[in-house]
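Read the numbers this way: they start at 1 and go in the same order the structure lists the ligands and their atoms. Just so you know, residue 1 is the first one in the sequence shown, and it goes up from there.
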Amino acid sequence: MADKIAKLRIDDSEYDLPVMSPTQGPDVLDIRKLYGQADVFTFDPGFTSTASCESKITYIDGDKGELWYRGYPIEQLAAKSHYLEVCYLLLYGELPTQQQMEDFETRVTRHTMVHEQMHNFFRGFRRDAHPMATLVGVIGAMSAFYHDSTDVNDPWQREVAAIRLIAKVPTIAAMAYKYSIGQPFVYPRNDLDYASNFLHMCFSVPAEKYEVDPALARAMDRIFTLHADHEQNASTSTVRLAGSSGANPFACIAAGIACLWGPAHGGANQACLEMLREIGTVDRIPEYIAKAKDKSDPFKLMGFGHRVYKNFDPRAKVMKESADEVLDLLGIKDNPTLQVAKELEKIALEDPYFIEKKLYPNVDFYSGIILEAMGFPTSMFTPIFALSRTVGWIAQWKEMIGDPQNKIGRPRQLYVGNDKRDYKDVAAR
Ligand code: CMC
C-alpha cells in the first residue's frame with residue numbers, strides 16, 4: 001500500500017509515483033502506470049534497481065550480510081533445521097508441526113522414483129555429457145511423463161508438481177552422475193533421509209554394501225539448506241518469467257537450471273574449484289590477483305563478489321565452517337586446494353581493489369572444497385546447486401501463479417538500431 005508519493009517531472013508535466021513500503025528493505029517506486037500516463041519507459045539493464053514482483057519468501061540485506069527464509073536467519077536454519085523442514089518452510093510459509101513434517105516427508109519419499117521409461121532418455125546422451133546438460137533435458141522431459149501435474153490453473157496439480165520436483169531432482173541428478181561414469185543407476189531408498197539418500201544414489205554400487213556416513217550426510221544437508229532459495233536471482237527470475245506465460249512447472253524448472261549453469265551464477269562453484277586448482281600453489285596467487293584487477297583481462301576471481309551482498313555472504317561463513325569440519329572428519333590435512341583458497345581469501349580481503357569494490361567470498365568459494373572432499377567430480381557441483389535450489393524455484397513459481405497481480409513478463413527496450421529504411425536489391429548493396 002502506498003503511503004508516500006514521489007513526483008516525476010518531464011518537461012512541463014508532473015507525474016505522481018506511489019512509493020510502496022516493504023516489511024524490510026528500501027522503498028519501491030510503483031511505475032506500473034508510468035508508460036500509460038507519460039509515454040516513457042524506465043531503463044535498467046541487469047535489473048539493478050528494479051523489483052520484479054512482491055514476495056514473502058526470502059529476504060536479503062546485502063549491506064548487513066543477512067539472509068532470511070520466511071523471516072528465519074540462515075545461520076539458525078543451518079544449525080538447527082534440516083533441508084526437508086526448510087523445504088516445508090519455503091513452500092508453506094511456516095515451520096511444520098511434528099505431524100505436518102512426517103506427512104510432508106512421506107509425500108516426498110513416495111515420489112523419489114522416476115518413471116522407468118525415463119531411463120531411456122539417459123541412454124541417448126553421450127557418456128561425457130555434462131550432467132547439467134543431462135539435467136536440463138531430463139527435467140524438461142518430466143512434462144512428457146507427469147501429465148497429471150502440468151495444469152498450472154489447478155492448485156492440486158501445482159502441489160503435486162512441487163512434491164514431484166523436490167523428490168525426483170536428486171534421483172535424476174544422481175542418475176546423470178552414474179551415467180557419466182558408466183555405473184548402473186541406483187534406485188532411491190525411502191528409509192534414508194533426503195541427503196543420505198542422495199549420497200547413496202551417487203556413491204553406492206550393486207556389488208558392495210555402502211554405509212552413508214551420518215556426518216557427511218549432515219554436511220550435504222547443510223549445503224542443500226544454504227542453497228535452497230535466494231530471492232529474485234537470475235535463475236529464479238528465469239523460472240518466474242517462463243512461468244508467467246503459463247508454461248508447465250517442469251519446463252519452467254528446466255529453464256531455471258539452464259540459467260543457473262552460467263559461471264556468473266551457479267556454474268561458479270565448478271569454475272572456482274577449477275581456478276583454485278589452476279593456481280595450484282600459494283606463490284602463484286599474486287599473478288591471479290593481478291589478472292582479476294586488470295581491466296583488459298576478462299578473468300574474474302571465481303567465488304568472489306555478489307550483486308546484492310556488499311558486506312559478506314552469510315552462506316559463505318557457514319560453508320567455510322562446514323569445509324573445516326568435513327576435511328577434519330575425512331582426515332584431509334594438507335589439501336593444496338584448501339591452502340590456496342585460504343591464502344587467496346586472505347590476500348584478496350586485504351587488497352584495496354577488493355575492499356573498494358566490496359568483493360567478498362560468496363557461497364561458491366567453499367562449497368566446491370567440501371563437495372570435492374566428499375568425492376564429487378567438479379561437473380556435479382552445479383547439479384547439486386540445482387537440486388538444492390529446486391525448492392526455491394518451485395516456491396517462487398507457486399507464489400507467482402497464486403498471485404492475482406501475475407501478468408506475463410514482458411520487458412520493453414531502448415531501441416538504438418537503424419531507423420526505417422527501404423530494402424535494397426543485392427546488386428545495389
Ligand atoms: N573478480 C574481480 N573483479 C570483480 C569480481 C571478481 N569476482 N566481481 C566483480 N568485480 C568487479 C567488476 O569488474 C566491476 O568492476 P568495475 O566497477 O571497475 O567495472 C565491479 O567489481 C562490480 O562488479 P559487477 O560485475 O558490475 O557486479 P555484478 O553485480 O554485475 O556481478 C557477479 C556480480 C557475482 C556476477 C560478479 O561479482 C562475478 O562475476 N563474480 C564471479 C562469479 C561468481 O562467483 N558468481 C557466484 C555468485 S554467488 C552464487 C550465485 O548467485 O549463483
Side-chain angles (χ1 to χ4, degrees), residues 44-50 58-60 62-63 65-67 69 74 132 223-240 255-276 278-279 285-320 340-341 344-345 347-371 378 381-393 396:
D44 185 20
F47 306 114
T48 54
S49 299
T50 297
T58 293
Y59 175 69
I60 301 174
D63 294 324
E66 285 188 351
L67 166 63
Y69 295 162
I74 191 66
M132 280 299 276
I223 289 181
F224 294 163
T225 297
L226 292 175
H227 288 90
D229 194 45
H230 215 230
E231 54 120 305
Q232 309 312 319
N233 55 81
S235 58
T236 303
S237 299
T238 301
V239 170
R240 279 187 177 258
I257 294 174
C259 176
L260 185 78
W261 196 357
H265 193 6
N269 52 14
Q270 172 171 353
C272 179
L273 201 89
E274 285 167 358
M275 175 194 78
L276 294 174
E278 188 186 306
I279 298 175
I285 292 174
E287 185 192 323
Y288 283 81
I289 297 264
K291 267 165 78 68
K293 292 191 316 199
D294 181 356
K295 282 268 157 250
S296 61
D297 191 327
F299 175 79
K300 280 190 172 172
L301 271 195
M302 287 292 133
F304 264 80
H306 198 273
R307 170 64 61 80
V308 187
Y309 294 120
K310 300 297 172 198
N311 183 325
F312 63 92
D313 180 340
R315 304 168 300 172
K317 219 168 144 191
V318 181
M319 204 64 94
K320 187 178 180 178
V340 172
L344 180 63
E345 182 188 10
I347 295 175
L349 289 180
E350 286 165 1
D351 190 294
Y353 174 93
F354 289 86
I355 295 170
E356 258 164 48
K357 295 192 189 299
K358 300 185 173 169
L359 299 169
Y360 295 86
N362 58 48
V363 68
D364 293 322
F365 193 69
Y366 279 104
S367 63
I369 290 169
I370 308 180
L371 294 172
T378 47
F381 294 1
T382 316
I384 289 169
F385 191 157
L387 175 177
S388 324
R389 183 58 56 83
T390 296
V391 67
W393 290 328
Q396 300 267 353

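Listed by chain and residue number, D351 satisfy the salt bridge (charged side-chain N to carboxylate O under 4.0 Å, His left out) test with K293 (two or more places apart in sequence, or in another chain). For A292, the side-chain contact (heavy atoms from CB on, under 4.5 Å) test picks out F299, L301, F354, with sequence neighbours left out. Scored by the salt bridge (charged side-chain N to carboxylate O under 4.0 Å, His left out) test, K317 finds no partners at all (sequence neighbours excluded).
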Decide yes or no on ring pair (Phe, Tyr, Trp, His ring centres under 6.0 Å) for H230 and Y309, but give the supporting numbers first.
-> CA-CA 11 Å; H230 215 230; Y309 294 120; 5.3 Å; yes

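The line from CG of L273 to CE of M302 is 13.0 Å long, rounded to the nearest 0.5 Å.
Side-chain atoms of H265 come within 3.5 Å of backbone atoms of S235 as a donor-acceptor pair (strictly under, hydrogens ignored).
Within 4.0 Å of ligand 1, the residues that place a heavy atom are P263, A264, H265, G266, A268, A292, K295, K300, L301, M302, G303, F304, G305, H306, R307, Y353, K357, L359, N362, V363, D364, F385, listed by chain and number.
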